[in-house]
Structure formats: C-alpha cells, structure tokens
Amino acid sequence: AEPSDIELNLLVYDDKTMEAIDISTIDMMSLYDWLITDDFAPFISDDDLNIIYYFKVIRINKVLTYDNKGYLRVIFKPFSKYSYKREIYDKSVNGETTLEIFNPSKQLYKPIMEIINLGDASSVNKINNKKVFNLEKSEQITIDNLSKIIQDKNKSNKFNCCNRNWIELKPKETTTLTLNGNFRIKIICEFPIIK
C-alpha cells in the first residue's frame with residue numbers, strides 16, 4: 001500500500017519563556033531551507049532514537065494569530081511504508097571469529113560494510129565467502145551489498161578488490177558471519193520494519 005502523508009505542526013518558540021514568537025522576527029528562509037530538501041531526509045524522534053523515518057516536505061502552511069504568532073503546518077511524504085531500525089556492528093578481526101546479526105525485518109536485507117585492511121597488500125580478508133584483497137595497509141573501502149557498489153574514501157571504484165559474493169541477512173533470522181583475516185569491519189544496517 002502507498003503510505004499516507006503525515007502532518008506535523010511545528011511551533012517556533014522562545015526556549016526561555018516557552019511561548020510562541022512573532023514569526024516575522026525569525027529567518028524563515030533558513031527554516032524553509034532546513035525543511036525543504038530535494039531527497040528524502042532522515043527524521044528521528046526523541047520518542048525512539050533507534051528508529052529512523054525518511055520524509056520529504058511537500059507542503060508548508062502558516063497558521064498565525066492576529067499578533068503574527070502561531071505555527072507551521074507541514075505535510076511530509078514518507079519514503080515508504082516502513083520505519084527503519086538502525087544497527088551498527090563494529091569489530092576488529094585478527095585471525096578467525098564470528099559475528100551474529102539478527103534481521104528483525106520481514107525482508108531479505110543486504111547491508112553496507114566498511115572495511116579497513118589492517119594487514120599488508122597481500123592480505124586476503126573474508127566475510128563468509130566474500131573475499132577482499134589488493135588493499136594497501138590501512139586502506140578503507142565501502143561495500144554496498146544492495147547496489148553492488150564498492151568504493152574507497154574518495155569514491156573511486158574498487159570493484160576489482162573483491163569477488164562477487166554478496167552478503168544477505170535472511171528475514172526474521174540470525175545470520176552468523178564468519179570473519180577471517182586482519183581487518184576492521186563496520187556493518188551498517190537500516191532494517192525496514194513496521195512500527
């Protein structure tokens with residue numbers, strides 16, 4: 001199903017008096033620049049800091065009183081019907097070890113991995129059947145298992161530095177990754193969930 005638009009009322013107020021302020025005394029263009037984006041932007045509520053929503057503003061209306069105080073009625077379009085649970089797994093590997101990741105989603109998930117080679121240029125680092133090789137000492141690459149893009153810090157293509165075995169996390173299951181080599185790995189997941 002197509003997600004419904006979401007309406008939020010945003011009040012500009014004085015944090016000392018906790019009262020609404022005259023809207024003509026603030027820089028509305030800066031506020032609009034912050035709210036209006038070309039792409040979907042992350043929204044994290046203080047109610048649950050582990051859940052991320054992605055929204056794009058599609059309409060803003062001023063709702064003001066006679067003294068030019070009031071609030072903004074902002075309509076957001078959600079990116080999808082899901083909220084996203086962010087989990088980051090960070091591990092240093094020297095030899096062989098395992099890492100367990102539970103996918104709370106109903107969907108197969110393909111994570112982003114950041115790898116820093118701690119060995120030399122001849123080191124071969126493995127994540128299950130995925131091999132990462134031809135990296136200089138301390139060289140970092142990012143592997144996006146969904147889009148199948150592999151880049152270094154400068155956004156240069158590093159596709160030739162690993163085989164084409166992609167990592168997938170099965171839905172509603174714990175996946176055990178076997179890590180072998182001399183490297184540091186950060187696995188970044190934003191699991192789509194219904195909340």
Side-chain angles (χ1 to χ4, degrees), residues 30 33-46 48-57 76-80 82-105 107-171 173-193:
S30 292
D33 286 345
W34 174 69
L35 285 170
I36 301 170
T37 58
D38 292 333
D39 297 317
F40 289 89
F43 175 87
I44 301 171
S45 170
D46 285 337
D48 191 340
L49 299 175
N50 295 319
I51 301 296
I52 303 171
Y53 299 89
Y54 287 93
F55 295 134
K56 182 174 8 179
V57 171
F76 294 91
K77 179 177 183 57
F79 173 70
S80 73
Y82 297 105
S83 55
Y84 296 86
K85 183 174 185 190
R86 187 173 178 89
E87 298 281 347
I88 296 176
Y89 304 86
D90 198 345
K91 193 166 186 91
S92 290
V93 178
N94 191 0
E96 184 171 311
T97 188
T98 59
L99 176 63
E100 292 185 345
I101 300 176
F102 177 70
N103 176 1
S105 173
Q107 297 181 348
L108 185 71
Y109 188 77
K110 300 174 183 181
I112 292 174
M113 301 184 305
E114 294 176 358
I115 295 173
I116 300 173
N117 183 28
L118 300 177
D120 57 28
S122 65
S123 296
V124 176
N125 298 306
K126 295 181 188 176
I127 304 102
N128 286 358
N129 293 324
K130 178 176 235 16
K131 293 180 183 177
V132 179
F133 44 85
N134 293 335
L135 297 180
E136 296 298 322
K137 182 174 179 62
S138 301
E139 185 175 0
Q140 178 178 330
I141 62 169
T142 301
I143 301 170
D144 187 330
N145 287 284
L146 177 62
S147 65
K148 297 179 171 59
I149 293 174
I150 304 168
Q151 296 178 326
D152 64 12
K153 284 187 189 180
N154 301 318
K155 305 289 185 198
S156 298
N157 183 2
K158 298 297 278 187
F159 200 73
N160 62 337
C161 290
C162 65
N163 62 5
R164 281 121 183 115
N165 291 329
W166 306 102
I167 302 299
E168 298 178 337
L169 306 174
K170 294 180 181 172
E173 284 188 24
T174 298
T175 301
T176 301
L177 300 177
T178 302
L179 310 172
N180 191 299
N182 188 7
F183 64 106
R184 182 169 186 144
I185 185 167
K186 184 187 287 187
I187 300 175
I188 303 163
C189 303
E190 285 189 6
F191 297 112
I193 58 173

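Keep in mind that this is a model prediction, so the values were computed, not measured. No hydrogens, no waters, no symmetry mates; every other heavy atom, side chains included, goes into these values.
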Rounded distance (nearest 0.5 Å) linking atom [atom1] of [X] with atom [atom2] of [Y]:
X: K110; Y: N145; atom1: NZ; atom2: CG; value: 8.5 Å
X: L108; Y: E173; atom1: CG; atom2: CD; value: 10.0 Å
X: I127; Y: L99; atom1: CD1; atom2: CG; value: 10.5 Å
X: M113; Y: C189; atom1: CE; atom2: SG; value: 10.0 Å
X: E87; Y: I187; atom1: CD; atom2: CD1; value: 12.0 Å
X: E139; Y: D152; atom1: CD; atom2: CG; value: 6.0 Å

Should we say atom [atom1] of [X] is surrounded by more than 12 heavy atoms from elsewhere, each under 6.0 Å from it?
X: K170; atom1: NZ; result: no
X: N157; atom1: CG; result: yes
X: F40; atom1: CZ; result: yes
X: K126; atom1: NZ; result: no

Smallest separation among heavy atoms of [X] and [Y], with atom names:
X: C162; Y: I150; answer: SG-CD1, 2.9 Å
X: T98; Y: K91; answer: O-CE, 3.6 Å
X: P192; Y: S105; answer: O-OG, 2.8 Å
X: N103; Y: L169; answer: ND2-O, 3.0 Å
X: F133; Y: N160; answer: CE1-O, 3.4 Å
X: E168; Y: T175; answer: O-CG2, 4.2 Å

Qualifying residue, where the test is ring-ring contact (aromatic ring centres under 6.0 Å, His included) with Y84 and the options are Y54, Y53, F191 | Y54

Go through the steps to decide whether K85 and I51 satisfy the test side-chain contact (heavy atoms from CB on, under 4.5 Å), and finish with yes or no.
-> CA-CA 5 Å; K85 183 174 185 190; I51 301 296; 4.2 Å; yes

How are the rings of F76 and F43 set to each other: parallel, tilted or perpendicular (split at 30° and 60°)?
-> tilted

Side-chain heavy-atom pair T178, E96 within 4.5 angstrom cut-off = yes

S92 and R184, any side-chain heavy atoms less than 4.5 Å apart | yes

For side-chain contact (heavy atoms from CB on, under 4.5 Å), just list the numbers for N94 and L118, CA-CA rounded to whole Å, side-chain angles, deciding distance to a tenth of an Å, and then say yes or no.
-> CA-CA 9 Å; N94 191 0; L118 300 177; over 6 Å; no

In terms of side-chain heavy atoms, does N117 have a donor or acceptor partner in N125 at a distance below 3.5 Å?
-> yes

Donor on one side chain, acceptor on other, D120 and S122, under 3.5 Å = yes

Listed partners of K130 passing salt bridge (charged side-chain N to carboxylate O under 4.0 Å, His left out), at least two apart = none

Identified side chain to side chain contact (heavy atoms under 4.5 Å, CB included) partner of K158 from the options I141, N134, T142 | I141

For a side chain to side chain contact (heavy atoms under 4.5 Å, CB included) with I143, tell me which candidate from I149, I112, I185, V132 qualifies.
-> V132

Are the side chain of S83 and the backbone of I193 linked by a donor-acceptor contact shorter than 3.5 Å?
-> yes

